[in-house]
Amino acid sequence: MDSLAQPRPASVVVERRIEWSDTDASGWWHNTAGFRFIEAAETTLLERLGLLRDVYGRLPRVRIAADFKGRLAFRDVVECSIAVREVGTTSLVYDFEMRRQGELAMTAEVVVALLDESWRPVPWPDAYRTLLLTAGPQPPEKLTVG
């Protein structure tokens with residue numbers, strides 16, 4: 001990395017395929033698939049950062065605001081990107097995008113909260129906060145498409 005480059009928040013891109021169970025009676029994707037893909041992308045990001053085992057299960061969604069921008073069909077391959085936007089005292093805000101061949105299908109803002117074993121909010125440890133805000137893009141998780 002260039003010594004003048006600013007650290008960038010952690011992010012990752014994962015590819016997923018729209019399966020039959022992701023479609024509804026109209027034959028197009030159902031919006032709930034996007035919420036599952038948010039979780040898949042978040043899981044990959046936390047795993048890449050080495051945080052998955054410590055925080056997963058203690059990181060519920062407290063808010064999701066989504067905009068659906070395009071239609072997707074059975075067997076479409078989508079790129080799902082998730083990026084840390086902000087780390088609060090006990091919260092974390094992600095930006096999420098889903099695209100098919102570069103065309104935007106969904107955007108979302110996702111807010112999660114870090115909880116302790118008693119299910120009470122706890123502050124992010126400084127080392128985790130630093131990692132989330134400076135780790136930059138992580139290796140993608142790509143499907144083999146042939």
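FYI, the numbering just counts along the sequence from 1.
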E39: partners by salt bridge (charged side-chain N to carboxylate O under 4.0 Å, His left out), with sequence neighbours left out: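 Applying salt bridge (charged side-chain N to carboxylate O under 4.0 Å, His left out) to E39 gives R61.
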Using the salt bridge (Lys or Arg N to Asp or Glu O under 4.0 Å) rule, collect all pairs that involve residues 117-135, keeping only residues at least two apart or in two chains.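 Matches after skipping sequence neighbours: D116-R120.
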Taking 4.0 angstrom as the limit, do [X] and [Y] come out as a salt bridge?
{"X": "E79", "Y": "R100", "result": "no"}
{"X": "R16", "Y": "E141", "result": "yes"}
{"X": "E47", "Y": "R53", "result": "no"}

Side chain to side chain contact (heavy atoms under 4.5 Å, CB included) between L51 and L132, worked out: CA-CA 10 Å; L51 302 179; L132 290 163; 4.1 Å; yes
Heavy atoms only: give me the nearest G70-W29 pair and the separation to one decimal.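 That closest heavy-atom pairing would be O-NE1, 3.1 Å.
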Nearest-0.5 Å distance that lies between atom CZ in R17 and atom CG in D22: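 Separation between the atoms: 11.5 Å.
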Just how far is it from atom CD1 of I18 to atom NE2 of H30, taken to the nearest 0.5 Å?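 Nearest 0.5 Å value for the CD1-NE2 distance: 12.0 Å.
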Flag side-chain contact, heavy atom, 4.5 Å: W119 against P60: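 SC-SC contact between W119 and P60 confirmed.
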Within a strict 4.5 Å, meaning less than it, do heavy atoms of the T43 and L52 side chains meet?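 They are in contact (side-chain heavy atoms under 4.5 Å apart), so the answer is yes.
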Check the hydrophobic clustering (I, L, V, M, F, W, Y; side-chain heavy atoms under 4.5 Å; chains of links allowed) and say if V122 and L46 are grouped together.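 Per the 4.5 Å side-chain linkage, V122 and L46 are co-clustered.
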Ignoring hydrogens and geometry beyond distance, is a side-chain donor-acceptor pair present between Y94 and E42 at under 3.5 Å?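 Checked: Y94/E42 side chains pair up, N/O donor to acceptor below 3.5 Å.
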Derivation of the side chain to side chain contact (heavy atoms under 4.5 Å, CB included) call for Y128 and D54: CA-CA 11 Å; Y128 290 10; D54 187 37; 2.5 Å; yes
Are more than 12 heavy atoms, taken from residues, nucleotides or ligands other than E103, located less than 6.0 Å from that residue's CD atom?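 No, not enclosed.
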